[in-house]
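Heads up, the thing below is written out as structure tokens.
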There are 2 protein chains.
Amino acid sequence: MDDLLTRLRQRDWRLTSQRRVVAEVLVGEHVHLTADEVHARAAELLPEISRATVYNTLGELVSLGEVREVTIDGRAKRYDPNVTGLHHHLVCTSCGLILDIPAIAGDPSPLARGSRFGFVVDAVDVTYRGTCPDCLAMDGERRVPQARGGSGRS
Amino acid sequence: MDDLLTRLRQRDWRLTSQRRVVAEVLVGEHVHLTADEVHARAAELLPEISRATVYNTLGELVSLGEVREVTIDGRAKRYDPNVTGLHHHLVCTSCGLILDIPAIAGDPSPLARGSRFGFVVDAVDVTYRGTCPDCLAMDGERRVPQARGGSGRS
DNA sequence: TCTCGACTTGGACGAAGTCCAAACTAGGTC
DNA sequence: GACCTAGTTTGGACTTCGTCCAAGTCGAGA
Ligand SMILES: [Mn+2]
Ligand SMILES: [Mn+2]
Ligand SMILES: [Zn+2]
Ligand SMILES: [Zn+2]
């Protein structure tokens, strides 16, 4: 966390309270938050922070490679501070829970020359979709598709 | 295509001109269209068709398993009539081109019992991101990130 | 402390999608 | 063919997520 701030200062980032707070929220709880969730948590520490600044800061962190942008469904993007260990995502389509799955060696096949169509490939996203244990249990009785919002620690 | 309509009639679908036209657009050109692109093309055949109906129809086709909903980025969802052969997607992050990659046997590792966390997994989405040959070529000169909108036949 | 370019802010704007009450119609019945 | 009605369609209002911008603020080097 302090690491992060040091690294950012070196890449000539002006260290503002807003940026500090956003970084703090992200590394603090390692879940896959949406921009608005980050904003809500940041606003607890710094009430005047604006949505625009949160979007700006998240965008910068993404281009600096410090945070990963994850698109799970067509809804809000999620921001993932876990960039050191490559991993995939396991998503519950019923409640929105998101878990990290460590990638195992040679996991997403590196796309043989033939099927690459001349592309230069620089990332692979893998998303497993299914139903989590809780939702499976709750399934026999009454289906309660539950409030959205993924929360899964890696 | 006529196949599709027959199948749908059997699942007691009321065969309206709107639905016929949407189906026609989808199977007609096998690209990954957004809902609004489907609407535009459908409107050429049936000018009065509304956006709401296109959204409704696409949603129904998805739940009937006749069309696959693909989330490439945080933008508009795309609708993929290729549901018979499982496949992944190869996306150009520069121009938006989307290509189908046939899945090879046991390709997305079926997620070993241990890393399944009690989930019942029923789908895996794999997206390769990179740069297409055209964008690579155009790259040395002047970077022209080009109009969005994927078009790739399978 | 001063200065200035980088940063922040709120509000307007835009894209994608959902919702709903009123109007319409496919297809079964006579 | 005329009739009926439940299933469909429609346009517009509304929601969510995100971007943009002109004006004001502030971090940090001198
Ligand atoms: Mn993650
Ligand atoms: Mn496809
Ligand atoms: Zn669940
Ligand atoms: Zn391209």
Side-chain angles (χ1 to χ4, degrees), chain A residues 5-6 8-25 32-43 45-64 67 69-79 96 145 147-150, chain B residues 5-6 8-25 32-43 45-64 67 69-79 96 145 147-150:
Chain A
L5 294 183
T6 327
L8 293 176
R9 206 174 303 120
Q10 277 161 3
R11 311 213 211 181
D12 42 35
W13 242 38
R14 191 168 291 192
L15 233 312
T16 68
S17 49
Q18 291 84 346
R19 287 174 167 179
R20 212 188 323 265
V21 164
V22 168
E24 206 168 323
V25 166
H32 304 88
L33 300 173
T34 65
D36 276 324
E37 285 165 352
V38 172
H39 178 240
R41 283 167 174 68
L45 304 168
L46 186 67
E48 336 79 72
I49 193 173
S50 76
R51 258 177 19 104
T53 295
V54 171
Y55 275 102
N56 288 341
T57 306
L58 288 174
E60 288 156 7
L61 287 170
V62 168
S63 22
L64 289 174
V67 166
E69 202 173 58
V70 181
T71 299
I72 287 301
D73 46 19
R75 321 254 327 175
K77 288 175 190 161
R78 293 175 177 280
Y79 293 87
R148 287 237 151 224
Chain B
L5 293 182
T6 327
L8 293 175
R9 207 175 300 120
Q10 278 162 2
R11 311 211 211 181
D12 41 38
W13 241 37
R14 190 169 290 191
L15 234 310
T16 67
S17 49
Q18 291 83 346
R19 286 173 169 180
R20 213 186 323 263
V21 164
V22 169
E24 205 168 324
V25 166
H32 305 89
L33 300 173
T34 65
D36 275 324
E37 286 165 351
V38 172
H39 178 240
R41 282 167 174 68
L45 304 168
L46 186 68
E48 336 78 75
I49 192 172
S50 76
R51 260 176 19 104
T53 295
V54 171
Y55 275 102
N56 288 342
T57 306
L58 288 173
E60 289 155 6
L61 288 172
V62 168
S63 23
L64 289 173
V67 166
E69 201 172 62
V70 181
T71 299
I72 288 300
D73 47 19
R75 323 253 326 176
K77 289 175 190 162
R78 294 177 176 278
Y79 293 87
R148 287 238 151 224

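Chain A is the first sequence line, chain B the second, and so forth, proteins listed ahead of strands; every chain is numbered from 1.
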B:L8 CG - C:dG27 P separation (whole Å): 12 Å
Verdict with supporting geometry, A:L5 and A:W13, side-chain contact (heavy atoms from CB on, under 4.5 Å): CA-CA 9 Å; A:L5 294 183; A:W13 242 38; 5.8 Å; no
Results of side-chain contact (heavy atoms from CB on, under 4.5 Å) for B:T71 - residues two or more places apart only: A:T71, B:K77
Sole candidate of B:V21, B:V22, B:L33, B:D36 that passes side-chain contact (heavy atoms from CB on, under 4.5 Å) when paired with B:R41: B:L33
Start and end of chain B contact along DNA chain D [non-hydrogen atoms, under 4.0 Å]: D:dA6 to D:dG11
Main-chain N/O of B:I72 paired with B:R78 side-chain donor or acceptor, under 3.5 Å: no
Contact summary for B:R20 and B:L15, nearest pair of heavy atoms: NH1-CD1, 3.5 Å
Atom pair CD/OG1 of A:Q18 and A:T16 - distance to nearest 0.5 Å: 4.5 Å
Per-nucleotide protein contact string for nucleotides 8-19 of chain C (B base, S sugar-phosphate only, - none; heavy atom under 4.0 Å): SBB----SSBBB
Secondary-structure stems, DNA chain D, at least 3 Watson-Crick or G-U base pairs under 3.5 Å: C:1-30 with D:1-30
Heavy-atom pair of closest approach, residues B:V62 and B:E69: CG2-CB, 4.3 Å
Partners meeting side-chain contact (heavy atoms from CB on, under 4.5 Å) with B:A76 (sequence neighbours left out): B:T34
Among A:V54, A:L8, A:T57, side-chain contact (heavy atoms from CB on, under 4.5 Å) partner for A:R19: A:T57
Test side-chain hydrogen bond (donor to acceptor under 3.5 Å, both in side chains) applied to A:S50 - qualifying residues, sequence neighbours left out: A:T53
